[in-house]
Every structure is written in structure tokens, then in C-alpha cells.
Amino acid sequence: MKKIVFATNNLHKLKEVRAMMPDGISIVGLPELQLDEDIPETADTLEGNALQKAQYVCQKFGLDCFADDTGLEVKALNGRPGVHSARYAGEQHNSNANISKLLDELSGQTDRTARFRTVIALIINGEEHFFEGIVNGQIAETRHGEGGFGYDPVFIPENQTETFAQLGEEIKNTISHRAVAVSKLVEFLSRNEL
């Protein structure tokens, strides 16, 4: 069984990614490594933050690792919140506050076009690899649904009529930005002898 660290303390993300992994690959989260400190995310791009987190874990534990960074990019806000999505309303990582700020800033906007973009940085056998996933959609006028996390209650993916929070994990895990990026990661891991 090949073990790879996913550099996250987010239990929702761990659950999503573990569900997508092929047999033979075991995903270890930061809680299992008892690493609860904040890993630096000081880059100004999603790629930079993902790599920074993966490098931190690789250097600290000497283990193969991948990390992701995701941004919600809203057209009417010139791509914001983008790389600052998790801390949009402040350092406390409060999803409700982030959504409230987003909806306030979009008040009166007719163009609610947005996209979620995830970048995964994988460091395996000392080599760096990147995988990107994008899902286009719209920002709803109000919150809908109880599922998911982050901006899921206000993001309606393309070709859908409900938010990620309403669609449920099974559907979300097949069409989301993270699902697309993780699928590319899984394909790479399956193709390469590790």
C-alpha cells in the first residue's frame, strides 16, 4: 500500500479525496501526523500556495505529499476572492462571513459568472507535478442547501440548477474543481509505478 500525505487538516477535503483514490493508495491527512500548526500560505498564486504546503510537509516528515489550493474567481469582482478565498472576510477562515461578504459585494450585480479553480502540487520521489481543475458557474443570490463546505451554498455549477451544497457529495465529487484536479492526480498515480 503506497502512502501519500494530503497536506490538509480539512476533514471534508480528506473525505472527498479518499473517496476518489484507487486501491493501493492510502491517503494520510495532517491530523494523523499530529500536525495541527498552520502551514504557511504566503504565495500570491494558487500554484505557489499548493507547492509551499507540499514542500513544508515533505521537508518536515520526508514523505511524499500533495497539497491543494482553491480559489473562487468572480468575474464582476475582477477575479476576487481568488487566492484569498479562505480568508476573504478575515484570518478566522469563517465560511459564513466569507459568503456574506461575497453576497454583499455582488449586491445589484447582474453578471454573477464565477469559477472555482483548484491546483494540486504533488511532490513524489523528489519531483514536483501540478494538476488543475476548473468548474464554471454562477453565484446564487442567496444561500441554498446544507451540504458541502466553504462557498458551496452559493455556487451553482454550469449545467446545474442547484448549488454544490444542494447537489450532494456524490454528484459534487464527479463535477467539482477538486474532483477534476484529483482525477488528473489519480490518473498520474495510476499510470506511474510508484
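We use all heavy atoms of the structure for the numbers below, so side chains are in, but hydrogens, waters and symmetry mates are not.
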Peer 1: Would you mind reporting whether Val83 and Asn49 have side-chain heavy atoms less than 4.5 Å apart?
Peer 2: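 Side chain of Asn49 against side chain of Val83, heavy atoms only: contact under 4.5 Å found.
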
Peer 1: Check whether any side-chain heavy atom of Ile120 sits under 4.5 Å from a side-chain heavy atom of Val182, and report yes or no.
Peer 2: yes

Peer 1: In this structure, would Ile156 and Ile171 fall into the same cluster of hydrophobic residues linked by side-chain contacts under 4.5 Å?
Peer 2: no

Peer 1: Using the test side chain to side chain donor-acceptor pair (under 3.5 Å), find all partners of Glu141 that sit at least two apart in sequence or belong to another chain.
Peer 2: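 Residues passing side chain to side chain donor-acceptor pair (under 3.5 Å) with Glu141: none at all.
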
Peer 1: Enter the distance from Lys13:NZ to Ile27:CD1 here, rounded to the nearest 0.5 Å.
Peer 2: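 Between atom NZ of Lys13 and atom CD1 of Ile27 there are 13.5 Å.
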
Peer 1: Looking only at atom types and distance, does a side-chain atom of Arg80 sit under 3.5 Å from a main-chain N or O of Leu72, one as donor and one as acceptor?
Peer 2: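 No.
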
Peer 1: List the atom of Leu14, the atom of Gly29, and the distance in Å for their closest heavy-atom pair.
Peer 2: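 Reported closest heavy-atom pair: CD2-CA, 3.6 Å.
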
Peer 1: What closest approach, in Å, do Asp152 and Thr163 show between heavy atoms, and which atom pair accounts for it?
Peer 2: O-CB, 3.2 Å

Peer 1: Whether Arg18 and Glu32 form a salt bridge (side-chain N of Lys/Arg under 4.0 Å from carboxylate O of Asp/Glu) is what I want to check.
Peer 2: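 Looking at Arg18 together with Glu32, the answer is yes, because their closest N to O distance falls below 4.0 Å.
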
Peer 1: For Ile175 and Gln160, what are the C-alpha separation, side-chain angles and deciding distance, and is it a side chain to side chain contact (heavy atoms under 4.5 Å, CB included)?
Peer 2: CA-CA 10 Å; Ile175 64 172; Gln160 300 291 328; 4.2 Å; yes

Peer 1: State, to 0.1 Å, how close Met21 and Phe66 come at their nearest heavy-atom pair, and which atoms those are.
Peer 2: CE-CZ, 4.4 Å

Peer 1: Output yes when a side-chain donor or acceptor of Asn136 lies under 3.5 Å from a complementary backbone atom of Pro157, and no otherwise.
Peer 2: no

Peer 1: Verify the cluster assignment for Val17 and Phe188: are they in a single hydrophobic cluster under the rule of side-chain heavy atoms below 4.5 Å apart?
Peer 2: yes

Peer 1: Please determine whether side chain to side chain contact (heavy atoms under 4.5 Å, CB included) holds for the pair Lys75 and Arg112, giving the CA-CA distance in whole Å, both sets of side-chain angles, and the decisive distance to 0.1 Å.
Peer 2: CA-CA 7 Å; Lys75 186 176 178 184; Arg112 301 179 79 84; over 6 Å; no

Peer 1: Going through the distances and angles, do Phe6 and Leu30 end up as a side chain to side chain contact (heavy atoms under 4.5 Å, CB included)?
Peer 2: CA-CA 7 Å; Phe6 181 13; Leu30 296 182; over 6 Å; no

Peer 1: With a distance cut-off below 6.0 Å to the six-membered ring centre and an angular limit of 45° from the axis, does Lys172 pair with Phe149 as a cation-pi contact?
Peer 2: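 Judged by the rule (NZ or CZ under 6.0 Å from the ring centre, within 45° of its axis), Lys172 counts as positioned above Phe149.
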
Peer 1: Work out which heavy atom in Phe131 is nearest to a heavy atom in Ala181; give both atom names and the distance.
Peer 2: CB-O, 3.8 Å

Peer 1: Test your reading of the model: is there a side-chain donor-acceptor pair from Asn125 to the backbone of Glu127, 3.5 Å cut-off?
Peer 2: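 Checked: no pair found.
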
Peer 1: Would you name the heavy atoms of Ser190 and Pro22 that are closest together and state the gap between them?
Peer 2: OG-CG, 3.9 Å

Peer 1: Which of parallel (below 30°), tilted (30 to 60°) and perpendicular (above 60°) describes His177 and Phe164?
Peer 2: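 Answer is tilted, since the angle falls between 30° and 60°.
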
Peer 1: Using the rule that Ile, Leu, Val, Met, Phe, Trp and Tyr join whenever any side-chain heavy atoms are under 4.5 Å apart, tell me whether Leu122 and Phe130 fall into a single cluster.
Peer 2: no

Peer 1: About how many Å separate CG of Leu106 and CG of Asp111, when rounded to the nearest 0.5 Å?
Peer 2: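 So the CG of Asp111 and the CG of Leu106 are separated by 9.0 Å.
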
Peer 1: Can you confirm whether Met20 sits close enough to Arg178 that some side-chain heavy atom of one is under 4.5 Å from a side-chain heavy atom of the other?
Peer 2: no

Peer 1: So do Ile139 and Leu102 actually touch side chain to side chain, heavy atoms under 4.5 Å?
Peer 2: yes

Peer 1: Can you hop from Phe61 to Tyr56 via hydrophobic side chains spaced under 4.5 Å?
Peer 2: yes

Peer 1: Using the rule that two of Ile, Leu, Val, Met, Phe, Trp, Tyr join whenever any of their side-chain heavy atoms come within less than 4.5 Å, decide whether Phe155 and Val180 are in one cluster.
Peer 2: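 No, Phe155 and Val180 fall in different hydrophobic clusters.
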
Peer 1: Under 3.5 Å, side chain of Gln166 to main-chain N/O of Pro153, donor-acceptor pair present?
Peer 2: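 Judged by distance alone, no pair lies under 3.5 Å.
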
Peer 1: Between Leu46 and Thr70, is any pair of side-chain heavy atoms under 4.5 Å apart?
Peer 2: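 Not touching, per the 4.5 Å side-chain cut-off.
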
Peer 1: Salt bridge (charged side-chain N to carboxylate O under 4.0 Å, His left out), that's the test. Do Lys184 and Glu132 meet it? Break it down for me.
Peer 2: CA-CA 8 Å; Lys184 292 176 182 178; Glu132 181 182 65; 5.7 Å; no

Peer 1: Taking only residues two or more places apart in sequence or in another chain, which ones pass side chain to side chain donor-acceptor pair (under 3.5 Å) with Thr174?
Peer 2: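 Partners of Thr174 by the side chain to side chain donor-acceptor pair (under 3.5 Å) criterion come out as none, since no residue qualifies.
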
Peer 1: Side chains of Glu162 and His144: closer than 4.5 Å at any heavy-atom pair?
Peer 2: no

Peer 1: What do the steps show when you test Leu189 against Ile124 for side chain to side chain contact (heavy atoms under 4.5 Å, CB included), and what is the final call?
Peer 2: CA-CA 10 Å; Leu189 294 173; Ile124 193 161; 4.0 Å; yes

Peer 1: To the nearest 0.5 Å, how far apart are NZ in Lys53 and SG in Cys58?
Peer 2: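 Here the rounded value is 13.5 Å.
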
Peer 1: Do Leu33 and Val28 have side chains that get closer than 4.5 Å, going by heavy atoms?
Peer 2: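 Side chain of Leu33 against side chain of Val28, heavy atoms only: contact under 4.5 Å found.
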
Peer 1: Drop me the distance from Leu185's CG to Asp68's CG, to the nearest 0.5 angstrom.
Peer 2: 10.5 Å

Peer 1: Just how far is it from atom OG of Ser176 to atom CD of Glu16, taken to the nearest 0.5 Å?
Peer 2: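 The OG atom of Ser176 sits 5.5 Å away from the CD atom of Glu16.
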
Peer 1: Given side chains that start at C-beta, do those of Val5 and Asp64 come closer than 4.5 Å, heavy atoms only?
Peer 2: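 No. Closest side-chain heavy atoms not under 4.5 Å.
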
Peer 1: Taking it one step at a time, do Glu158 and Arg115 satisfy salt bridge (charged side-chain N to carboxylate O under 4.0 Å, His left out)?
Peer 2: CA-CA 9 Å; Glu158 212 168 46; Arg115 70 179 190 171; over 6 Å; no

Peer 1: Quick check for you: to the nearest 0.5 Å, what is the distance between Glu47 atom CD and Thr45 atom OG1?
Peer 2: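 That separation rounds to 5.0 Å.
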
Peer 1: Work out which heavy atom in Glu73 is nearest to a heavy atom in Arg117; give both atom names and the distance.
Peer 2: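 What the structure gives for the nearest pair is OE2-NE, 3.2 Å.
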
Peer 1: Side-chain donor-acceptor pair under 3.5 Å between Tyr88 and Glu105, yes or no?
Peer 2: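 Looking only at side-chain atoms, Glu105 and Tyr88 do form a donor-acceptor pair, the distance falling under 3.5 Å.
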
Peer 1: Whether the side chain of Tyr151 engages the backbone of Ser85 through a donor-acceptor N/O pair (distance < 3.5 Å, no angle test) should be reported.
Peer 2: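 Yes, the answer is positive, given that a donor and an acceptor are paired below the 3.5 Å cut-off.
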
